[in-house]
Amino acid sequence: MLMLELIKDIGYVLVCSANTNDVHMLRGLLSGNNYSVQSCTSFYALMSQIQRQIPRILVLDETVSIENVTEICSLRDSDAYLSAMQIIGIVPIMNVEYESALFKCGIDDVIYSPMSSDQVVNRVNASFERSVFLEEREGFEKLLFSLTSAYYARETSSAGHPERVANNARRLGKRLGMSEQEQTILYKGGMLHDIGMIKIPRNLVHKSGAFSNNEYEIVKTHTIWGERLCRPLRTLEKVLPLVRHHHERMNGSGYPDGLKGEEIPEAVRIMAICEVYDALISERPHRPGLSEEEAIDCLSAQAKNGLLDRDFVEIFIKMLDEDEQSEADD
């Protein structure tokens with residue numbers, strides 16, 4: 001309880017409302033409960049405030065249109081820095097339609113107007129506790145990213161592999177018209193796809209010759225271990241298929257589940273291309289890295305042979321060609 005009170009001393013609440021009475025009431029109640037309260041009267045002022053300082057709790061009334069509430073919720077869901085921010089809507093009592101619309105936008109809770117002091121304090125306290133919980137969970141997610149990066153920093157021949165896969169996957173997703181949220185999932189999947197390798201014995205990771213059948217079966221378990229490591233975090237729920245299935249192949253010859261064709265999620269097919277490409281251009285204990293031209297030829301061959309999504313490979317290669325042309329122009 002003491003810890004919660006200490007954290008609440010820095011609890012920043014931003015209220016967007018044109019109703020001065022509501023603002024005064026919220027400021028009086030929340031300031032008296034160790035929250036720091038700021039206010040604004042328009043969506044544009046709200047966005048400007050958020051850019052300067054991210055609130056722990058955002059309280060909105062009908063000053064902010066449903067379209068703009070949707071924009072704020074989408075921004076929160078796609079931006080790691082905003083992910084712990086809680087959004088509360090002020091709803092005129094019995095306005096069920098407006099309340100439903102707000103929840104469809106993605107807000108976290110509502111306060112009914114006319115407001116009562118107990119309701120305001122209880123709802124804001126509950127939102128604060130959710131925000132702290134999400135922040136701590138986000139910290140664990142970042143720890144997983146750090147573990148992956150640290151593992152590959154140790155494996156000097158493939159240092160930077162997760163970052164490169166993540167960035168290329170996000171760029172390819174953007175080129176394919178995916179939303180910001182879907183691009184974020186691709187990025188996280190790229191960062192975490194090989195986290196299960198920390199469970200694979202180092203003598204196998206560094207083996208320069210061919211694996212025996214038993215050794216290969218052990219190496220393949222990194223996809224399952226990776227999923228197990230990420231599963232406890234609900235924030236990574238949509239990333240789990242990318243971690244588990246990035247070695248599935250379009251013809252069903254991949255692992256761990258032998259998925260094929262449309263059974264393989266689109267995001268997984270995108271990331272698989274980026275992962276294969278980066279593996280090809282990176283040095284490995286059993287071979288030197290390929291040139292970009294050789295890697296592209298290998299990607300094309302794998303697409304032709306039914307291993308990778310042919311359409312996505314073509315778009316990926318075009319993206320690389322444009323990168324090369326841009327560098328030449330510079």
Side-chain angles (χ1 to χ4, degrees), residues 7-135 138 174 177-184 235:
I7 298 173
K8 280 173 63 175
D9 287 338
I10 58 169
Y12 167 39
V13 180
L14 176 60
V15 180
C16 185
S17 173
N19 187 321
T20 54
N21 290 332
D22 282 352
V23 171
H24 288 318
M25 181 177 183
L26 288 166
R27 180 173 282 121
L29 287 171
L30 298 178
S31 296
N33 282 272
N34 297 319
Y35 290 101
S36 170
V37 182
Q38 299 291 328
S39 65
C40 57
T41 58
S42 72
F43 171 71
Y44 300 103
L46 180 156
M47 295 303 288
S48 179
Q49 288 273 85
I50 289 177
Q51 288 175 4
R52 288 196 296 270
Q53 183 181 4
I54 298 171
R56 188 174 289 281
I57 300 168
L58 182 60
V59 182
L60 313 170
D61 71 0
E62 292 172 294
T63 297
V64 183
S65 70
I66 290 297
E67 290 77 13
N68 286 337
V69 174
T70 300
E71 183 177 341
I72 294 167
C73 291
S74 297
L75 179 63
R76 186 267 306 269
D77 293 341
S78 63
D79 188 328
Y81 290 102
L82 298 175
S83 60
M85 181 177 72
Q86 295 290 290
I87 304 174
I88 301 177
I90 299 176
V91 177
I93 197 163
M94 301 303 290
N95 192 337
V96 178
E97 184 177 346
Y98 180 58
E99 180 180 356
S100 177
L102 287 176
F103 277 117
K104 284 181 181 178
C105 293
I107 69 162
D108 303 291
D109 205 348
V110 296
I111 294 172
Y112 296 108
S113 177
M115 295 183 288
S116 69
S117 57
D118 286 345
Q119 179 196 195
V120 169
V121 173
N122 289 339
R123 293 293 173 88
V124 171
N125 280 344
S127 292
F128 177 86
E129 291 177 16
R130 283 196 302 271
S131 176
V132 172
F133 171 74
L134 288 171
E135 204 167 65
E138 184 88 10
K174 182 177 181 179
M178 289 188 158
S179 67
E180 288 286 340
Q181 189 172 13
E182 290 169 324
Q183 292 173 44
T184 299
T235 54

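Position 1 is the first residue of the sequence, and the numbers go up from there.
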Legend entry - Pairwise side-chain contact, I87 with R76, heavy-atom cut-off 4.5 Å (strictly under): yes

Inset, instruction - Would you name the heavy atoms of T63 and A18 that are closest together and state the gap between them? - result: OG1-N, 2.9 Å

Legend entry - Nearest heavy atoms of S131 and Q86, plus distance in Å: CB-CG, 3.9 Å

Inset, instruction - Working to the nearest 0.5 Å, report the span between NZ of K104 and SG of C73. - result: 14.0 Å

Inset, instruction - For residues Y12 and I54, report the shortest heavy-atom separation together with the two atoms involved. - result: CD2-O, 3.6 Å

Inset, instruction - Rounded to the nearest 0.5 Å, what's the gap from CE on M25 to OG on S17? Could you check? - result: 12.5 Å

Legend entry - Check: F103 and V110 side chains under 4.5 Å, non-hydrogen atoms: yes

Legend entry - Interatomic distance, N95 atom CG to I90 atom CD1 [nearest 0.5 angstrom]: 13.5 Å

Inset, instruction - Check whether any side-chain N or O of E182 sits under 3.5 Å from a backbone N or O of S179 as a donor-acceptor pair, and report yes or no. - result: yes

Legend entry - Check: T184 side chain, E180 main-chain N or O, donor-acceptor pair, under 3.5 Å: yes

Inset, instruction - List the atom of R27, the atom of V37, and the distance in Å for their closest heavy-atom pair. - result: NE-O, 3.9 Å

Legend entry - Min side-chain heavy-atom separation P92-Y98 under 4.5 Å: yes

Inset, instruction - Nearest 0.5 Å please: distance from the CG atom of L60 over to the CD1 atom of I111. - result: 10.5 Å

Legend entry - Validation row: V69, S65 side chains within 4.5 angstrom (heavy atoms): no

Inset, instruction - Rounded to the nearest 0.5 Å, what's the gap from CG on N21 to OG on S113? Could you check? - result: 10.0 Å

Legend entry - G89 versus L102, closest heavy-atom pair with distance: CA-CD1, 4.1 Å

Inset, instruction - Indicate yes or no: at least one non-hydrogen side-chain atom of C16 is less than 4.5 angstrom from one of T41. - result: no

Legend entry - Flag side-chain contact, heavy atom, 4.5 Å: I57 against L14: no

Inset, instruction - Check whether any side-chain N or O of Q183 sits under 3.5 Å from a backbone N or O of M178 as a donor-acceptor pair, and report yes or no. - result: yes

Inset, instruction - Taking S48 for its side chain and Y44 for its backbone only, find out whether a donor-acceptor pair lies under 3.5 Å. - result: no

Legend entry - Flag side-chain contact, heavy atom, 4.5 Å: Q38 against V13: no

Inset, instruction - Report yes if the side chains of E62 and V91 come closer than 4.5 Å at any heavy-atom pair, otherwise no. - result: no

Inset, instruction - Could you tell me whether D118 and R123 have a side-chain N and a carboxylate O separated by less than 4.0 Å? - result: no

Inset, instruction - Among D61, L46, V59, find the residue that satisfies the side chain to side chain contact (heavy atoms under 4.5 Å, CB included) test when tested with V15. - result: V59

Legend entry - Backbone N/O of Y112 and side chain of Q119: donor-acceptor pair under 3.5 Å: yes

Inset, instruction - Search all heavy atoms of M85 against all heavy atoms of I72 and return the closest pair with its distance. - result: CE-CG2, 4.4 Å

Inset, instruction - State, without any angle test, whether Y35 and N125 hold a side-chain donor-acceptor pair at a distance under 3.5 Å. - result: yes

Inset, instruction - Starting at CG of L75, measure out to OG of S83 and round the result to the nearest 0.5 Å. - result: 11.0 Å

Legend entry - Heavy-atom donor-acceptor pair, D109 side chain to I88 backbone, under 3.5 Å: no

